[in-house]
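Quick notes on the structure that follows.
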There are 2 protein chains.
Amino acid sequence: MKEKVTIYDIAKALNITAATVSRALNNNPKISEATRTLVIETAKKMNYEQNRFALALKSGKSNNVGVVVPFINRNFFSSIIRGIEEELYPKGYHVIICQTHEDTKKEEETVQNLLNAQVDGILMSVSKTTQQLRHFKKVLKSNTPLVFFDRIKEIDGVSTVTIDDFQGGYIATKHLIDMGCTRIAHATVDLALDIYKYRFEGYKEALNDHGIPFKEEYIIKTKSDIDAGEKAIKKLMKLKNAPDAIFSASDFAALGAIQELTKLGVKVPNEFAVVGFSNEPFTQFMELSITTVDQSPVEMGKMAARVFLEQMKEPTLKIMKKVELSPELIVRKSSSSLTAKQQTNI
Amino acid sequence: MKEKVTIYDIAKALNITAATVSRALNNNPKISEATRTLVIETAKKMNYEQNRFALALKSGKSNNVGVVVPFINRNFFSSIIRGIEEELYPKGYHVIICQTHEDTKKEEETVQNLLNAQVDGILMSVSKTTQQLRHFKKVLKSNTPLVFFDRIKEIDGVSTVTIDDFQGGYIATKHLIDMGCTRIAHATVDLALDIYKYRFEGYKEALNDHGIPFKEEYIIKTKSDIDAGEKAIKKLMKLKNAPDAIFSASDFAALGAIQELTKLGVKVPNEFAVVGFSNEPFTQFMELSITTVDQSPVEMGKMAARVFLEQMKEPTLKIMKKVELSPELIVRKSSSSLTAKQQTNI
DNA sequence: TTGTATGCGTTATCAA
DNA sequence: TTGATAACGCATACAA
């Protein structure tokens with residue numbers, strides 16, 4: 001049975017009162033050194049363990065934080081969660097995870113559930129389909145710290161941790177330009193999401209900075225999967241003035257693009273260079289490894305956790321912090337025959 | 001502020017007592033229909049939400065379960081967690097995740113923490129290094145349901161969910177035999193872990209069933225990474241009677257093997273067939289896709305969750321259940337030029 | 001059917 | 001320095 005030892009048991013054993021035991025256990029200054037050590041010793045002897053529910057009821061804090069992502073088994077998100085867990089565990093917090101399946105309805109419900117469970121904070125990446133912000137306002141109203149990572153919404157009072165997607169798009173495109181490409185296409189996913197919008201803008205800016213005219217026909221809106229990449233290439237290669245490179249906002253689409261190019265007999269990277277985005281694990285494992293932009297998701301998770309912790313330190317004032325991490329270009333074979341050799345060593 | 005509405009507030013507003021409110025809200029039969037609806041309505045109107053801490057303190061149940069894995073950002077584990085979450089969320093449970101980093105010390109500490117947090121159950125995959133079982137005994141003694149998945153320890157009273165690794169090893173090896181291979185090597189990882197031991201035994205049994213003599217020199221103990229696979233091939237191909245196939249208990253080692261074979265000019269699969277294990281995402285994305293054994297991790301997670309739920313239904317009796325899922329061979333290019341075409345469509 | 005009283009395990013306030 | 005008591009919010013045994 002769950003015969004847990006309470007401070008009353010200790011008190012009884014020592015012929016003192018529970019209040020004294022509590023004080024001894026909590027480093028309360030108003031207690032003699034003698035009783036303190038005595039209490040601590042017998043507590044250990046009796047295998048005392050604090051009842052967290054009672055503490056939670058008393059203090060109003062659960063020492064749990066909720067993390068909400070579309071799917072946990074996506075490398076990007078599970079890596080972020082890893083970062084969060086590693087940062088928060090040593091501070092005594094437990095991480096509760098929930099998935100939205102990219103469904104706003106589920107997201108709203110989940111957030112409400114987390115609030116009901118009285119988590120001390122919510123860290124999340126918003127679903128693609130989310131437009132309404134009611135549920136986030138509710139979180140703020142309940143005075144629970146809210147931190148967005150990667151996929152954010154601009155809400156007053158909500159801290160955010162992102163990578164600089166604009167810069168990501170910029171360095172990816174600039175790299176292709178540096179490699180001698182002049183007709184650079186771009187595969188984007190969903191311009192309603194800021195991350196894709198900014199990558200697109202970085203792409204345009206890089207073209208502009210290097211005197212390459214922007215061409216609407218080079219922009220393909222796709223999904224983030226292999227099939228989408230194949231279709232994109234099919235469409236692009238039919239153009240009169242077909243591109244000689246593509247910057248894909250998705251690694252999966254980049255992979256599909258490469259497969260389709262190979263099928264069409266177009267040599268990658270010599271005749272056509274490809275750059276993806278996200279540094280999915282598979283990009284480095286391919287025989288033709290894929291150049292991509294790393295988002296350091298573990299670091300992003302740690303940062304989100306740190307922002308939360310900061311907020312907890314100052315429960316009175318509303319801190320609103322915007323952290324932007326720098327993306328890193330990882331050059332591999334799909335865009336650079338020269339560096340191919342160096343990048344093979346995994 | 002966190003001015004939460006309590007049942008006392010509702011009681012006051014309705015000029016009744018908190019007990020009545022509580023009864024109305026909990027579908028207690030001892031109450032009139034009239035007051036019930038009245039209470040429920042005003043509760044909704046006042047935005048009442050149950051305080052979970054009070055409930056937890058009263059009932060001793062947190063509605064949280066702890067899930068412990070070595071690393072959450074491994075595809076296999078994050079997929080299991082996904083399954084657990086999807087099964088448990090609808091039942092009102094929240095999933096707390098913790099990582100052990102394959103460190104027994106951390107594992108012990110984590111389990112203790114979870115116990116302190118008074119989770120209603122612990123679902124876990126044990127760390128590679130774990131020998132001592134003290135911390136598991138503690139869980140049982142506290143009467144908390146414990147379910148092991150994939151990497152298990154035999155402990156009385158602990159339910160387990162695994163895949164049939166023996167069968168996995170068997171069908172992988174049999175497939176290679178069916179493809180005409182006769183000198184089949186095996187790369188294993190850590191025979192101290194049951195999963196690898198059973199895969200190895202399945203391999204031996206398959207050889208035996210088909211009249212192929214077992215050769216100690218074909219067995220390589222490696223790590224589960226690319227480098228290990230390369231080293232394994234280097235060693236194997238130096239043998240007088242070099243193998244013509246390898247069944248690797250790790251997809252990563254299988255990939256390393258393929259890379260090294262390619263470097264050595266050995267044609268895969270025509271001259272040498274390779275089969276991995278786990279169905280890591282990258283295995284299907286390679287140009288030379290890798291034949292592997294799928295463990296249906298999401299299903300495994302769901303099953304572990306279901307076993308936990310069953311246990312919760314019967315808190316009085318100790319249920320001990322052993323569930324074994326069937327692995328599925330996924331034939332791809334690395335072992336079968338014939339089926340290569342069909343398997344390309346991802 | 002409803003009200004009263006108590007306990008779940010802690011911590012904090014006040015008094016001694 | 002320690003003890004007594006109340007409070008956190010809820011559920012329930014018992015009384016009415």
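Lettering follows sequence order; numbering is per chain, from 1.
- Relative ring orientation between A:Y93 and A:F308 is described as perpendicular, the plane-to-plane angle rising above 60° on a 0-90° scale split at 30° and 60°.
- Here the shortest heavy-atom pairing between A:I97 and B:E85 reads O-CG, 3.7 Å.
- Within 4.0 Å of B:S32, counting heavy atoms only, lie sugar-phosphate atoms of the nucleic acid but no base atom.
- Residue-environment remark: NZ (B:K106) exceeds the threshold of 12 foreign heavy atoms within 6.0 Å.
- Within 4.0 Å of A:S59, counting heavy atoms only, lies no atom of the nucleic acid at all.
- At least one donor-acceptor pair closer than 3.5 Å links the side chain of B:Q99 to the backbone N or O of B:I72.
- Note that the first and last nucleotides of DNA chain C, 5' to 3', having any atom under 4.0 angstrom from a heavy atom of chain A are C:dG9 to C:dT13.
- With A:K138 contributing its side chain and A:V111 its backbone, the two residues share no donor-acceptor pair below 3.5 Å.
- Scanning all heavy atoms of the two residues, the minimum distance from B:R151 to B:S125 falls at N-OG, 3.2 Å.
- Nearest approach of A:D156 to A:L140, heavy atoms of both residues: O-CD1, 3.4 Å.
- Sequence neighbours left out, the pairs with a member in residues 126-156 of chain B that pass ring-ring contact (aromatic ring centres under 6.0 Å, His included) are B:F136-B:F148.
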Quick one, give me the B/S/- string for nucleotides 8-16 of chain D, reading 5' to 3', where B means a protein heavy atom under 4.0 Å from the base and S means that only happens at the primed atoms, P, OP1 or OP2.
BBBBBB---
